[in-house]
Amino acid sequence: MDRFCCFLKCIECGQEYSPQEVIYTCHKCGGLLSVEYEKSKIPSDLDEIWKKRPLSVWRYAELLPIRNKEKAVSLGEGGTNLNRCKRLSEKLGLKRLYVKNEGENPTGSFKDRGMTVGVTMALELGMKKVACASTGNTSASLAAYAAKAGLECFVLIPSGKVAFGKLTQAIIHGAKVIQIRGNFDEALKIVREICSKHLVYLLNSVNPFRLEGQKTAAFEIRDQLSGEAPDKLIVPVGNAGNISAIWKGFKELYEQGMIERLPQMIGIQAEGAAPIANSLKHSLTTVKFVKNPETVATAIRIGAPVNWKKAVRAVKESCGFMETVSDAEILEAQKLLAQYEGLFVEPASAASVAGLAKLIQMGQIDRDETVVCIVTGHGLKDPDIVLKRFRKPVEVEATTEAVVQAMTSKPQAAQVLAS
Ligand code: F0G
């Protein structure tokens, strides 16, 4: 197949564009763009083709916009575990809970699924410079993939609001890191303007090619659940690209006859940064942005989500909904995942599980349903929050007696100081 088996289409007015054009939103109406495939060019035996390849983003090349897989800028992304969480299911009162651990990706977050495709696209388009605004993970991921591709990389981050591990990643991979005295929404506005005027390729989730990579999480879940979709798919929401991408993935599987039913999409936002969830709850026809978003889950500290229209469609088309969780609920879920399932995730990632716990309490999730929670990033990216929250380990003399005494005395090392 040649690369022109796909094209870009405005989700608002339907205007079509060539995939060779450097374009992020519709020139006619400003709408978001979606990557569409010529149905007649999609092989009918996708399952057979895919089964022969390892579980990974590139297993699904036929439904990705890059035709020459050999040229992919890849660090081995995707193929993350879908953990059957028996202890946590029991604790929450659910029969089948799975957690897809996106922290297993090369730079420790789901962003790598998008960047492998987005950065490969940057090369195809002949771009030499790439850029993004970020709450941390996007910058870490872009920096790594740009390094691999030999591209110059610029990242804009909100000063003092990016977890230490993520900042470290962007620096070591050689990106030009620019901290702005403002929040993520302001950073994104600036970088979009710069990329619209200069030969710098924008790799935020407004870039539709990046989202194509991220939709492979849906393909993998279907493969890991032996050809089925879950009843409910719960995902943390910030800029709202990932929930839109995953929904697109499930819809494409459905259109290909590869799943019999679609999951309900449930987006979870942090209480202090919940423009979409709150607007949906109040049945507003448009999303009211939050001016000063605030949450301990810095990755989703976003007040003006660029993909809100795609996300609202995903939720409505799937008969799903959005919910909010407090910072305390997020940190409790982070602890539960770590101490019941051995999964250490960053706070934003735990929002999906925090949402699940809340929804079960509210009676919105049935005990018999199959639920998949996406956890989006690795806990080691943001260790500060853990050290602030948990008691420091005890220190004793280097004698057997002192250690034995410490082992039997209370309080134990891993105790929560305060929620
Ligand atoms: N979880 C984590 C760990 C994230 O880093 C992000 C987004 C999200 C969830 C939300 O995903 O934006 O697609 O709704 N992080 C971006 C960044 C904004 O810059 O790293 P979304």
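Computed from a prediction, not measured in an experiment: that's the story for all the values here. In listed order, ligands and their atoms are each counted from 1. The first residue of the sequence shown is numbered 1, and numbering continues consecutively from there.
Within a 6.0 Å sphere centred on OH of Y340, heavy atoms belonging to other residues, nucleotides or ligands number 12 at most.
Partner of L33 under the side chain to side chain contact (heavy atoms under 4.5 Å, CB included) criterion, chosen from N207, I23, L211: I23. Of the candidates E212, E252, E255, Y37 forms a side-chain hydrogen bond (donor to acceptor under 3.5 Å, both in side chains) with just one, namely E212.
Residue-level contacts of ligand 1 at the 4.0 Å heavy-atom threshold are F110, K111, S134, T135, G136, N137, T138, V237, G238, N239, A240, G241, N242, A299, I300, I302, E346, A348, T376.
Using cut-offs of 30° and 60° on the angle between ring planes, the pair Y24 and Y201 is tilted.
Taking each heavy atom of K310 and S244 in turn, the nearest pair found is CB-OG, 3.4 Å.
Residues passing the side-chain hydrogen bond (donor to acceptor under 3.5 Å, both in side chains) test with R87, sequence neighbours excluded: none.
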